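Both counts, for ligands and for their atoms, begin at 1 and track the order of listing. None of these values were measured; they are calculated from a predicted model.
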Amino acid sequence: MKNRYIPITLIVAVLSVAAIAGFLFPPAVQENPARVVMDNSGGRVIFTHFVHADEYGYECSDCHHDDIGQERPISCGSCHPVAFDAKFRAEHQKSFPSEEACLRCHDDVPTGPLAEEDKPDTESIPLRAEAFHAQCMDCHESDGGPYGEDSCYDCHAR
Ligand code: HEC
Ligand code: HEC
Ligand code: HEC
Ligand code: HEC
Ligand code: HEC
């Protein structure tokens, strides 16, 4: 090989390795979603996530009140399900990135069925729609934004 081809060969080699690495290790899911689409029985809600986090000037932790030291916040729905039913009991363990999150609701990290006295008090943990309505509207009432009896279709599609 002629000497003058060596630099270009090296560059191509480095770029190829970078391309393969990018393919094998894609970048993490975007950190601050532009919009979050929420389908529900009251009509679809399209939440302008980026605008809320950026233009309205809030900290991530103003809404993601349970960051638990993760790079990516845990979905609200992992802790505020539609119902604390058999499906939740069977599947919720898999939706947390670390055991630290278990201690948000359990006294210890459980490994099997719970004794009556070890069951979390679900009365104090709002379900999904209740958690959203409370968080969205409490802030709107104090800082501006839709809330109250006549506001339904400011958030929900008809
Ligand atoms: C005004 C409230 C609010 C602010 C501020 C906010 N978020 Fe969110 N974020 C939400 C809501 C509500 C959801 C929907 C979660 C769900 O459906 O469980 C969400 C969803 C997300 C998701 C998708 C999570 C998933 O898997 O469902 C990520 C990632 C995220 N937010 C990151 C951030 C980051 C990073 C910041 C700060 C730069 C931030 N958020 C600021 C309210 C907020
Ligand atoms: C890791 C679990 C976890 C995650 C994730 C989580 N929450 Fe909560 N949340 C709780 C628990 C447990 C409570 C019960 C009260 C308490 O202990 O703070 C609660 C309470 C609330 C309350 C009642 C008022 C208050 O602040 O105490 C609202 C509203 C709420 N959460 C909304 C949300 C929203 C919206 C998200 C997502 C942006 C979210 N939560 C994410 C666990 C979580
Ligand atoms: C948002 C609160 C919450 C978080 C966070 C949470 N759990 Fe639970 N967990 C519950 C509730 C509520 C039950 C059902 C209790 C009952 O039977 O009434 C439960 C039940 C369980 C059970 C018993 C299941 C059965 O079949 O009876 C196990 C095991 C368990 N959790 C493990 C975990 C682990 C492991 C984590 C963390 C990776 C975790 N949980 C995080 C609320 C939570
Ligand atoms: C921490 C405060 C806060 C929270 C939480 C919050 N908002 Fe807002 N929201 C605002 C502010 C501030 C405005 C802008 C009000 C204005 O300029 O008139 C706004 C405006 C809006 C608007 C009208 C303009 C737009 O951006 O579309 C909608 C719709 C809206 N919010 C939906 C939601 C929903 C849905 C949630 C819950 C998932 C939510 N908001 C949670 C503060 C908040
Ligand atoms: C600030 C925005 C906002 C306003 C205003 C609002 N909602 Fe909602 N609503 C939501 C969000 C967010 C959810 C949760 C979506 C999800 O579960 O993914 C929701 C959920 C619901 C649900 C589904 C309940 C369930 O258990 O599945 C109904 C029904 C509903 N809203 C009715 C109403 C009515 C009626 C009004 C007016 C009095 C109203 N909403 C006002 C944002 C709003």
Asker: Return the closest protein heavy atom for atom 23 (C) of ligand 3 as residue, atom name and distance.
Answerer: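 Of every protein heavy atom, Gly112 O, 3.6 Å lies nearest to atom 23 (C) of ligand 3.
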Asker: Would you indicate whether the side-chain heavy atoms of Asp143 and Tyr58 approach each other to under 4.5 Å?
Answerer: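 Side chain of Tyr58 against side chain of Asp143, heavy atoms only: contact under 4.5 Å found.
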Asker: Do any N/O/S atoms of His52 come under 2.8 Å of atom 8 (Fe) of ligand 1?
Answerer: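 No - counting backbone and side chain alike, His52 has no N, O or S atom under 2.8 Å.
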Asker: In the protein, which heavy atom is nearest to atom 18 (O) of ligand 3, and how far is it?
Answerer: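 Among all protein heavy atoms, the one nearest atom 18 (O) of ligand 3 is Lys119 CD, 3.4 Å.
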Asker: Under a 4.0 Å heavy-atom limit, does Ser78 contact ligand 1 with its side chain, its backbone, both, or neither?
Answerer: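 Contact part for Ser78 vs ligand 1: neither.
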Asker: In the single-linkage hydrophobic clustering (I, L, V, M, F, W, Y; side-chain heavy atoms under 4.5 Å), do Val36 and Ile46 co-cluster?
Answerer: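 Hydrophobic grouping puts Val36 apart from Ile46.
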Asker: Looking only at atom types and distance, does a side-chain atom of His64 sit under 3.5 Å from a main-chain N or O of Pro73, one as donor and one as acceptor?
Answerer: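 Flag not set: sc His64 to bb Pro73 has no pair under 3.5 Å.
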Asker: If I apply the N/O under 3.5 Å rule, does His140 come out as touching ligand 5?
Answerer: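 N/O-N/O distance under 3.5 Å: no.
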Asker: Go through ligand 1 atom by atom and flag the ones less than 4.0 Å from a non-hydrogen atom of Gly77.
Answerer: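 Going through ligand 1 atom by atom, the ones under 4.0 Å from Gly77 are 18 (O).
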Asker: Say whether, by atom type as modelled, one donor and one acceptor occur between the side chain of Asp54 and the main chain of Val51 under 3.5 angstrom.
Answerer: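 No, because the side chain of Asp54 does not come within donor-acceptor range (under 3.5 Å) of the backbone of Val51.
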Asker: Is any side-chain heavy atom of Cys79 less than 4.5 Å from a side-chain heavy atom of Asp66?
Answerer: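 No, too far: nothing below the 4.5 Å cut-off.
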Asker: Sort by chain and number the protein N/O/S atoms that are closer than 2.8 Å to atom 8 (Fe) of ligand 5, and list them.
Answerer: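 Atoms qualifying: His133 NE2, His156 NE2.
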Asker: Are any non-hydrogen side-chain atoms of Gln135 and Cys63 less than 4.5 angstrom apart?
Answerer: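 Yes - at least one pair of side-chain heavy atoms lies under 4.5 Å apart.
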Asker: Heavy atom of Asn32 under 4.0 Å from ligand 1?
Answerer: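 Yes; Asn32 lies near enough to ligand 1 that a heavy-atom distance drops under 4.0 Å.
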Asker: Is there a side-chain contact between Ile125 and His80 in this structure, where contact means two heavy atoms from C-beta onward sitting under 4.5 Å apart?
Answerer: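 Yes, at least one pair of side-chain atoms sits under 4.5 Å.
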Asker: Please tell me if the side chains of Val45 and Asn40 come closer than 4.5 Å, counting only heavy atoms from C-beta onward.
Answerer: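 Answer yes - side chains close enough.
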Asker: Could you tell me, atom by atom, which parts of ligand 1 come under 4.0 Å of a heavy atom of Cys63?
Answerer: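 In order of number, 1 (C), 2 (C), 3 (C), 4 (C), 5 (C), 42 (C), 43 (C).
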Asker: I'd like to check which ligand 3 atoms, numbered from 1 as shown, lie under 4.0 Å from a non-hydrogen atom of Phe88.
Answerer: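 Near Phe88, the atoms of ligand 3 are 10 (C), 11 (C), 12 (C), 42 (C).
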Asker: Let me confirm one number: the CZ-SG distance from Arg158 to Cys152, rounded to the nearest 0.5 Å.
Answerer: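 Between atom CZ of Arg158 and atom SG of Cys152 there are 9.0 Å.
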Asker: State the atoms of ligand 5, each with its element, that fall below the 4.0 Å cut-off from a heavy-atom position in Pro146.
Answerer: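 The atoms of ligand 5 under 4.0 Å from a heavy atom of Pro146 are 1 (C).
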Asker: Going by ring pair (Phe, Tyr, Trp, His ring centres under 6.0 Å), name the pairs with one or both residues in residues 123-158, residues two or more places apart or in two chains.
Answerer: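 Checked against ring pair (Phe, Tyr, Trp, His ring centres under 6.0 Å) - neighbours excluded - no pair reaches residues 123-158.
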Asker: Does any N/O atom on Glu59 come nearer than 3.5 Å to any N/O atom on ligand 1?
Answerer: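 It does not: no N or O of Glu59 is found under 3.5 Å from an N or O of ligand 1.
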Asker: Could you report the tightest heavy-atom contact between Met137 and Pro146, atom names first, then the distance?
Answerer: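 Nearest heavy atoms, Met137 then Pro146: CG-O, 4.3 Å.
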Asker: Angle class for the Phe84/Phe88 ring planes (parallel below 30°, perpendicular above 60°, tilted otherwise)?
Answerer: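 Plane angle over 60°, so perpendicular.
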Asker: Grab the two heavy atoms, one from Asn32 and one from Ala53, that are nearest each other, plus how far apart they are.
Answerer: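 That closest heavy-atom pairing would be ND2-CB, 3.6 Å.
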Asker: Anything under 3.5 Å between a donor and an acceptor, one on a side chain of residues 106-121, the other on a protein residue two or more places apart or in another chain? List them.
Answerer:
unit_1, atom_1, unit_2, atom_2, d
Glu116, OE1, Lys119, NZ, 3.3
Asp121, OD1, Glu123, N, 3.1

Asker: Looking at Asp150, I'd like to know if its CG atom is crowded, meaning that more than 12 non-hydrogen atoms belonging to other residues, nucleotides or ligands lie closer than 6.0 Å.
Answerer: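 No, CG of Asp150 has 12 or fewer neighbouring heavy atoms, counting only those of other groups under 6.0 Å.
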Asker: Please check if the distance between the ring centroids of Phe47 and His52 is under 6.0 Å.
Answerer: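 Centroid separation for Phe47 and His52: below 6.0 Å.
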Asker: Are any of the protein's heavy atoms under 4.0 angstrom from atom 26 (O) of ligand 3, yes or no?
Answerer: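 When distances to the protein are checked, atom 26 (O) of ligand 3 has no heavy atom within 4.0 Å.
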Asker: Please find the pair of heavy atoms, one from Ala101 and one from Ile74, that lie closest to each other, and give the distance.
Answerer: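 Minimum heavy-atom contact is CB-CD1, 4.2 Å.
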Asker: When you measure from atom 16 (C) of ligand 5 to every protein heavy atom, which one gives the shortest distance, and what is it?
Answerer: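 The protein heavy atom lying closest is Arg128 NE, 3.4 Å.
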Asker: Taking it one step at a time, do Cys102 and Phe96 satisfy side-chain contact (heavy atoms from CB on, under 4.5 Å)?
Answerer: CA-CA 8 Å; Cys102 317; Phe96 300 102; 5.7 Å; no
Asker: Got the closest protein heavy atom to atom 5 (C) of ligand 5, with its distance?
Answerer: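 Heavy-atom neighbour on the protein nearest atom 5 (C) of ligand 5: Ser151 OG, 3.1 Å.
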Asker: Is Pro33 close to Phe50 at the side-chain level, that is, under 4.5 Å between some pair of heavy atoms?
Answerer: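 Counting from C-beta outward, Phe50 and Pro33 never come under 4.5 Å.
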Asker: Sort by chain and number the protein N/O/S atoms that are closer than 2.8 Å to atom 8 (Fe) of ligand 3, and list them.
Answerer: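 Result, waters dropped: His92 NE2, His106 NE2.
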Asker: Give the numbers and elements of all ligand 1 atoms closer than 4.0 Å to a heavy atom of Glu31.
Answerer: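 Going through ligand 1 atom by atom, the ones under 4.0 Å from Glu31 are 28 (C), 29 (C), 30 (C), 32 (C), 33 (C), 34 (C), 35 (C).
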Asker: Which residue supplies the protein heavy atom nearest to atom 6 (C) of ligand 5, what is that atom called, and how far is it?
Answerer: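 The protein heavy atom lying closest is Met137 CE, 3.4 Å.
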Asker: Numbering the atoms of ligand 3 from 1, which are under 4.0 Å from a heavy atom of Ala101?
Answerer: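 Answer for ligand 3: 5 (C).
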Asker: Enumerate the atoms of ligand 3 whose separation from the nearest heavy atom of Thr122 is less than 4.0 angstrom.
Answerer: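 Every atom of ligand 3 under 4.0 Å from some heavy atom of Thr122: 12 (C).
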Asker: Considering the heavy atoms of Glu149, write down every atom of ligand 5 situated less than 4.0 Å from one of them.
Answerer: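 Reading through ligand 5 atom by atom, the close ones are 38 (C).
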Asker: Please verify whether a non-hydrogen atom of His80 lies at under 4.0 Å from ligand 1.
Answerer: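 The answer is no, since His80 has no heavy atom less than 4.0 Å from ligand 1.
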Asker: Indicate yes or no: does an N/O atom of Tyr58 lie under 3.5 Å from an N/O atom of ligand 1?
Answerer: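 In fact, backbone or side chain, Tyr58 has no N or O that close.
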Asker: Is Ser98 reaching over with its side chain to a backbone N or O of Glu100, donor-acceptor style, under 3.5 angstrom?
Answerer: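 Checked: pair present.
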Asker: Give a yes or no on this: more than 12 heavy atoms of other residues, nucleotides or ligands lie within 6.0 Å of atom CD of Gln93.
Answerer: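 Counting other residues, nucleotides and ligands, CD of Gln93 exceeds 12 neighbours.
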Asker: Quick check on contacts: which atoms of ligand 3 are under 4.0 angstrom from a heavy atom of Phe84?
Answerer: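 Heavy-atom distances to Phe84 below 4.0 Å select 12 (C).
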Asker: Note the single closest protein heavy atom to atom 12 (C) of ligand 5, along with its residue, its atom name and the distance in Å.
Answerer: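 The answer is Met38 SD, 3.5 Å.
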Asker: Could you list which atoms of ligand 1 come closer than 4.0 Å to a heavy atom of Arg72?
Answerer: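 Numbered from 1, ligand 1 contributes 23 (C), 24 (C), 25 (C), 26 (O), 29 (C).
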